[in-house]
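Comments concern the structure below.
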Amino acid sequence: EKGGFRTFMDKEINDEPQAVADTLLGRTNTAGNLTLDELRIDEALLRTVDKIIVIACGTAAYAGHVAKYAIEHWCRIPVEVELAHEFRYRDAVVSEKTLVVAISQSGETMDTLMAVRHAREQGAKVLSIVNTHGSTIPRESDAVLYTHAGPEIAVASTKAFLAQLTAAYLLGLYLAQVRGTKFPDEIAGVLADLKAMPNKIRTVIDGGDRIRMIARWMDSRSVLFLGRHVGFPVAMEGALKLKELAYIHAEGFAAGELKHGPIALIEPGIPVFVIVPSPRGRDSLHSKVISNIQEIRARGARTLVIAEEGDDAVLPYADEVFWVPQSPTLLSPLVTVVPLQIFACELATARGLDVDQPRNLAKSVTVE
Ligand code: BG6
């Protein structure tokens, strides 16, 4: 069933363009409007929402972090992102006007389920983004937006993460449509950009030889990841993949936080992945991250840079560059995370580890 791949994870990474395309499929009409009737949630109710809280665990929570940037930008609704178990056991301020968005691949994660129940008891509406049909979280939610990633076998999530991002973008655009915070042609424009992403993801996967080679030769005991804006959750996800698959100490930081602490960790030879924002996006962000690369390189870090094709500004400071196709900033995690997944998968495989069944982890954690 691995379809000729070494591992389920290799296959699932290869399936990512399809997972994104399938999650987009059938959710727009010919006029380019989003048709999420499947949510069966009253549009009038969506207009009353004054706060969104995204709850999830692990990789799904990082998809939620990206969702925050997109939804706040498109819909002007405040979005909080919280680990489900932390949300559940504090006195979160929730009302009937709160929309709780629960993200889960399995739909069975007990921490997330408990948070869903808690939110509904407080009067919030819960919309879940889930991959597994017939699972518990969608049954207990007011509305469901399914990701169509297909079954994910490897314990650590890869293609489901991309499908979660895609579903979160659709939700954000739908809210913008219903609430009128974006013009229809702007929404249609983003949808067209989204539909172009599967081919770009394919380009990254097909161009993965260099990162695989770097991964095979990596002997460091610690790897850092830096990103800014939507690159920040991507950095955290890159670090999580490395911990889960290769049992290597890894941390993801917000690049802006570097000088407030993490820069003390920089020592000669330490590998640092840096996710560089598009130079075509908010100009100051790009140049700030370039300065970060310069700073850590000056202290001896080995800089492994993920940058947009054509961004020659990274060249003087990068020990390695992994290019990704040009994409709108908010959608860029769909391509920038892929080299990091390939890196962790390859490094773990090279060390003889079981990437599909990492030690101590389970695909769905049904205890709190
Ligand atoms: C963990 C898995 O147990 O649960 C992670 O090892 C996953 O890979 C997390 O991201 C959340 O799972 P789910 O099914 O709720 O998305």
Side-chain angles (χ1 to χ4, degrees), residues 7-13 15-16 19 23 53-67 81-88 100-119 126-141 144-168 171 233-248 250 252 333 337-338 340-345 348 353-368:
T7 64
F8 281 109
M9 179 162 289
D10 284 291
K11 175 177 185 297
E12 287 162 6
I13 291 173
D15 285 346
E16 286 176 337
T23 300
I53 305 179
V54 183
I55 52 169
C57 301
T59 292
Y62 295 138
H65 275 264
V66 175
V81 188
E82 197 158 15
L83 294 168
H85 33 91
E86 287 299 319
F87 168 81
R88 170 64 186 81
V100 167
V101 177
I103 307 180
S104 173
Q105 188 287 128
S106 62
E108 299 293 351
T109 300
M110 188 56 77
D111 287 311
T112 308
L113 177 60
M114 288 307 190
V116 164
R117 287 184 183 156
H118 179 67
V126 175
L127 185 157
S128 55
I129 293 177
V130 171
N131 195 48
T132 309
H133 283 254
S135 55
T136 311
I137 290 171
R139 276 207 306 276
E140 297 209 13
S141 303
V144 198
L145 183 58
Y146 280 107
T147 50
H148 297 157
E152 192 178 62
I153 308 295
V155 166
S157 188
T158 53
K159 66 174 179 175
F161 177 68
L162 272 73
Q164 286 161 352
L165 293 174
T166 305
L171 175 63
V234 170
M236 292 193 286
E237 172 61 8
L240 179 61
K241 284 282 109 25
L242 207 52
K243 292 178 221 184
E244 288 180 305
L245 302 179
Y247 322 142
I248 290 179
V337 77
V338 177
L340 304 181
Q341 296 171 333
I342 294 173
F343 176 77
C345 181
L353 302 172
D354 185 347
V355 297
D356 290 334
Q357 297 276 347
R359 68 182 183 200
N360 308 339
L361 298 177
K363 186 68 182 157
S364 85
V365 180
T366 52
V367 289
E368 251 191 298

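Remember, it's 1-based here, ligands and their atoms both numbered in the order they're listed.
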**Message:** Checking the N or O distance criterion of under 3.5 Å, is ligand 1 in contact with Thr109?
**Reply:** yes

**Request:** Output yes when Glu140 and Arg117 qualify as a salt bridge under the 4.0 Å nitrogen-oxygen rule, no when they do not.
**Result:** yes

**Complete:** So the atoms of ligand 1 within less than 4.0 Å of a heavy atom of Ser157 turn out to be 8 (O)

**Asked** Any nitrogen or oxygen of Gln105, main chain or side chain, under 3.5 Å from a nitrogen or oxygen of ligand 1?
**Response** yes

**Fill in**
atom 9 (C) of ligand 1 has as its nearest protein heavy atom Cys57 O, 3.8 Å

**Side-chain heavy atoms of Leu162 within contact of Val337, under 4.5 Å** = yes

**Message:** Side chain or backbone, does Lys363 bring an N or O within less than 3.5 Å of an N or O on ligand 1?
**Reply:** no

**Which segment of Ala362 sits under 4.0 Å of ligand 1 when only heavy atoms are counted** = backbone

**Complete:** In this structure, atom 14 (O) of ligand 1 is nearest to the protein heavy atom Ser106 OG, 2.6 Å

**Prompt:** Any donor and acceptor pair, going by atom type alone, linking the side chain of Thr7 with main-chain N or O of Asp356 inside 3.5 Å?
**Reply:** no

**Message:** Whether the side chain of Gln357 engages the backbone of Val155 through a donor-acceptor N/O pair (distance < 3.5 Å, no angle test) should be reported.
**Reply:** no

**Request:** Could you check if a side-chain atom of Leu171 sits within less than 4.5 angstrom of a side-chain atom of Leu127, using non-hydrogen atoms only?
**Result:** yes

**Request:** Report the part of Val365 in contact with ligand 1, treating N, CA, C, O as backbone and CB onward as side chain, heavy atoms under 4.0 Å; options are side chain, backbone, both, neither.
**Result:** side chain

**Request:** Give the residue, atom name and distance (to 0.1 Å) of the protein heavy atom nearest atom 10 (O) of ligand 1.
**Result:** Thr59 N, 3.1 Å

**Prompt:** Among protein heavy atoms, which sits nearest to atom 5 (C) of ligand 1, and what does the distance come to when rounded to 0.1 Å?
**Reply:** Glu244 OE2, 3.8 Å

**Request:** Examine the proximity of ligand 1 to Glu108 and report which part, side chain or backbone, both or neither, has a heavy atom under 4.0 Å away.
**Result:** neither

